[in-house]
There are 2 protein chains.
Amino acid sequence: MDKFDTAIIHCLRQDARQSVSSIAEQVNLSRSAVAERIKKLEQTGVIRGYQVLLSESQKEGVSAYFEIQHKCPRCADVVHVFHAIPEVITCRGISGDMDLLVYVHAPSMRRLHEIREYIDTHTDIIKIKTHVVMSEWINNLGE
Amino acid sequence: MDKFDTAIIHCLRQDARQSVSSIAEQVNLSRSAVAERIKKLEQTGVIRGYQVLLSESQKEGVSAYFEIQHKCPRCADVVHVFHAIPEVITCRGISGDMDLLVYVHAPSMRRLHEIREYIDTHTDIIKIKTHVVMSEWINNLGE
DNA sequence: GCAAACACCGGCAAAATGACGGAAAAAATG
DNA sequence: CATTTTTTCCGTCATTTTGCCGGTGTTTGC
């Protein structure tokens with residue numbers, strides 16, 4: 001992973017479908033050298049694949065972030081709530097006003113609302129802020 | 001968005017870097033027809049772009065969320081800033097006060113701070129809120 | 001010093017692409 | 001219903017890109 005690999009990955013992050021030749025021009029290497037490097041990056045697992053980025057409206061379902069504030073002495077005491085929701089993808093404790101940031105992907109807005117209400121029933125939870133995801137610009141995880 | 005478009009997108013989701021010819025074979029259309037359809041899907045915004053999927057380079061480090069507010073008429077105009085940062089893992093447009101929620105994983109707090117300052121240099125960006133991840137409770141993705 | 005391994009380059013044939021005109025199908029018009 | 005218009009598709013040609021190869025220079029280890 002030297003500066004050339006970094007540059008190549010930078011190019012692919014701009015547009016993963018551009019030609020190897022075009023990348024070679026941008027990074028000032030021969031086409032075959034770039035092709036070799038990309039193949040190696042794929043084989044060693046640095047590059048896990050290539051994704052098409054769709055507008056959020058085309059995806060089935062709705063994603064959202066919940067910011068959660070609770071009154072439990074420890075986060076651990078409230079996390080079981082989110083374990084019980086299969087749509088929860090990530091749940092992390094964060095610095096700032098709120099305590100937790102929970103990312104969910106629900107099949108429908110109706111279900112999303114249901115999840116929100118379910119969370120709300122828990123007395124330990126003081127405050128919820130919902131942020132519906134309206135567009136996805138970068139996703140290096142493949143969700 | 002008929003069944004052909006769906007099939008094409010399905011192919012691209014498998015591997016966004018495969019050739020148009022290969023997709024044409026899989027969906028039983030001529031190469032030029034598929035190329036036209038893809039171009040149209042790009043122009044109408046159904047396909048927003050193509051991304052390379054990277055493996056988490058190192059488990060060590062610091063993660064954080066940046067809430068971003070900007071003054072660009074369209075989010076797309078400001079997203080290139082985050083494409084330029086290899087540590088960015090997700091970047092999504094959200095409802096609420098802020099416009100974007102960016103998740104990053106940096107090798108060190110020093111580097112995280114560097115990223116924050118880099119983002120701050122961009123005049124289009126009005127406001128940044130940083131939330132350092134202090135604990136991870138649920139992660140259904142294997143980042 | 002001398003192989004071996006590595007990364008790079010350039011060249012060639014094969015494959016993929018972009019651009020075009022024209023046929024067929026679908027939609028809109030009278 | 002007939003006809004125009006639009007859309008979608010196909011095949012072809014010139015160009016670009018790709019995969020594959022041998023050859024060269026540089027680093028690595030014995």
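Note: hydrogens, waters and symmetry copies are ignored here, and every other heavy atom, side chains too, is used. Reminder, nothing fancy here: chain letters follow the sequence lines and each chain counts from 1.
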List the steps, then state whether side-chain contact (heavy atoms from CB on, under 4.5 Å) holds for B/Ile119 with B/Phe82.
CA-CA 8 Å; B/Ile119 297 172; B/Phe82 302 106; 3.7 Å; yes
Rounding to an integer number of Å, can you tell me how far B/Asp2 CG sits from D/dT7 P?
15 Å
If the threshold is 4.0 Å, N to carboxylate O, is there a salt bridge linking A/Arg17 and B/Asp15?
no
Can you check whether B/Lys40 has a side-chain N or O nearer than 4.0 Å to OP1 or OP2 of D/dT7?
no
Heavy atoms within less than 4.0 Å of DNA chain C: which residues of residues 9-22 of chain A have one? Give them sorted by number.
none
Separation of atom CD in B/Glu25 from atom P in D/dC10, rounded to whole Å
13 Å
Ionic contact status for B/Glu114 with B/Arg110, cut-off 4.0 Å:
yes
Does any residue of residues 27-35 of chain A have a heavy atom under 4.0 Å from DNA chain C, and if so, which ones, in number order?
A/Leu29, A/Ser30, A/Arg31, A/Ser32, A/Ala33
When you measure from the side chain of B/Gln51 to the backbone of A/Asn139, do you find a donor-acceptor pair of N or O atoms at a distance under 3.5 Å?
yes
Please test B/Asp5 against B/Leu41 for side-chain contact (heavy atoms from CB on, under 4.5 Å), starting from the C-alpha separation and ending with a verdict.
CA-CA 8 Å; B/Asp5 286 332; B/Leu41 288 170; 3.9 Å; yes
When rounded to whole Å, the CD to P distance for the pair B/Glu36 and D/dG11 reads 14 Å
Nearest-angstrom distance from the residue atom NZ of A/Lys39 to P of C/dC6:
15 Å
Identified side-chain contact (heavy atoms from CB on, under 4.5 Å) partner of A/Ser63 from the options A/Val104, A/Leu112, A/Val133:
A/Val133
Tell me every residue that passes side chain to side chain donor-acceptor pair (under 3.5 Å) with A/His113, counting only those two or more places apart in sequence or in another chain.
none
Applying the 4.5 Å side-chain criterion to the ILVMFWY set and letting contacts propagate, would B/Phe66 and B/Leu100 be lumped into a single cluster?
yes
